[in-house]
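All remarks here apply to the structure that follows.
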Amino acid sequence: MKLCVIPPLNHLELANYGTADFILAQFVLEYDEYTDFYASRDTWKIMDNGAYEERQSLDTDELLEAVARVQPNVVVVPDIPREPEASFTLSKNFLEEVSQSTETNCLWMVVPHGENVQEFMRYVEKFIALRKELKWDYIGLSILDLYKWNFRARPLVVREIHYLSRVHGFYIHLLGLDEPVELQAYRGMDIESVDTSLPITRAARGERIHFMTEWKPLPRIDLQKTRLTRKQYELAAYNIRVLRTLCDWI
C-alpha cells in the first residue's frame, strides 16, 4: 500500500518519507512554492479536489488549472460530503465534461457518500454502473463517511468493495486515516494507497505512534501555519516511518 504523507507548507520535504504524494489542489492555486515542489517531483501523485479542507470542491476550471500545473497521475473528481445524491450528480457531470477533453491524461477517482452502509453501497453500485459510459479508475473511501459516523464501518465496506474491485478492475484509495490500527483490517487486500497527516499531527503534540495506535480526539494540524521544532520534526519522521512499515505489510 502506498503511503501519501500530507505535510504542512513549512515542511513539505516530509513528503519524502512517504511512497506517494497527496496534493491539495487549492494550495496549488494559492502557493507558488507548493506548486513548484510538487511539479518537480517524479513520484506517484494524487490530487484532491478541496472538498475535505474547504468543505466544497473547486469548480471544474480551477481543478483543471491545478492539474495542469503539477501533472498528477490521479485526480479526485468533485464531490459533496454528506450530500450523496448531489455529490453523485456533480461527479457524473464532471466526468461527462472532462471526457470530451483531450487536454488531460490523468486517472479519475470517484468518491461515493452515504449516511449508512446500505446507502453508501448503493452509490458505490451507481458509480460502477456509470463506468459503462464514463471512465474512472479509482474509488476513494472518505473518512468523513466511513469513520466519523461509524468508526468500524470502513473496514467492513472495504472488504465488500475489494471483491468488486477485482471483478470490475478499479483501485481503492483510503481518503484519510485517524488511527494506524485500522490498517490491520486490510491485511491480504489489494488496497492501493492511503493519505494522512496523522504522523505529523501526533508529532506536533510530542506523541509517538505504534502499529496499534487507536483514535483519539485531536484537532488536525494547521497545514498553512504549523512550524515544527527540531524535536517535533524528528518525531514526525519517525512516525511516518512506522506508518510506512505498516503500509508495506498490507
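All of these numbers come straight from a predicted model, not from anything done at the bench. Along the sequence shown, the residues carry numbers beginning at 1.
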For the pair Arg227 and Asn10, evaluate side chain to side chain donor-acceptor pair (under 3.5 Å) and give the outcome as yes or no after the intermediate values. CA-CA 6 Å; Arg227 188 178 295 277; Asn10 291 314; 3.1 Å; yes
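- Of all heavy-atom pairs spanning Arg69 and Thr35, the tightest one is CB-CG2, 3.9 Å.
- Under the ring-ring contact (aromatic ring centres under 6.0 Å, His included) criterion, Tyr138 pairs with Tyr171, not counting sequence neighbours.
- Here Tyr163 and His168 keep their ring centres 6.0 angstrom or further from each other.
- Using the six-membered ring where Trp is involved, Tyr31 and Phe27 have ring planes that are perpendicular, over 60° apart on the 30 and 60° scheme.
- Under the 4.5 Å side-chain criterion, counting only non-hydrogen atoms from C-beta, Tyr34 is in contact with Leu24.
- Ion pairing of Glu97 with Lys92 is absent here, as no side-chain N (NZ or NE/NH1/NH2) approaches a carboxylate O to less than 4.0 Å.
- For His113, there are no ring-ring contact (aromatic ring centres under 6.0 Å, His included) partners, not counting sequence neighbours.
- The environment of CZ in Arg230 is sparse: at most 12 heavy-atom neighbours from other residues, nucleotides or ligands sit within 6.0 Å.
- The six-membered or imidazole ring of Tyr123 lies away from that of Phe127, with a centre-to-centre distance of 6.0 Å or more.
- Of all the heavy atoms in Val70 and Ala39, the pair that sits closest is CG1-N, 4.0 Å.
- Annotation: side chain of Val181 is not in contact with side chain of Thr213 (no heavy-atom distance under 4.5 Å).
- Counting heavy atoms from C-beta outward, Leu3 and Thr196 have side chains that approach closer than 4.5 Å.
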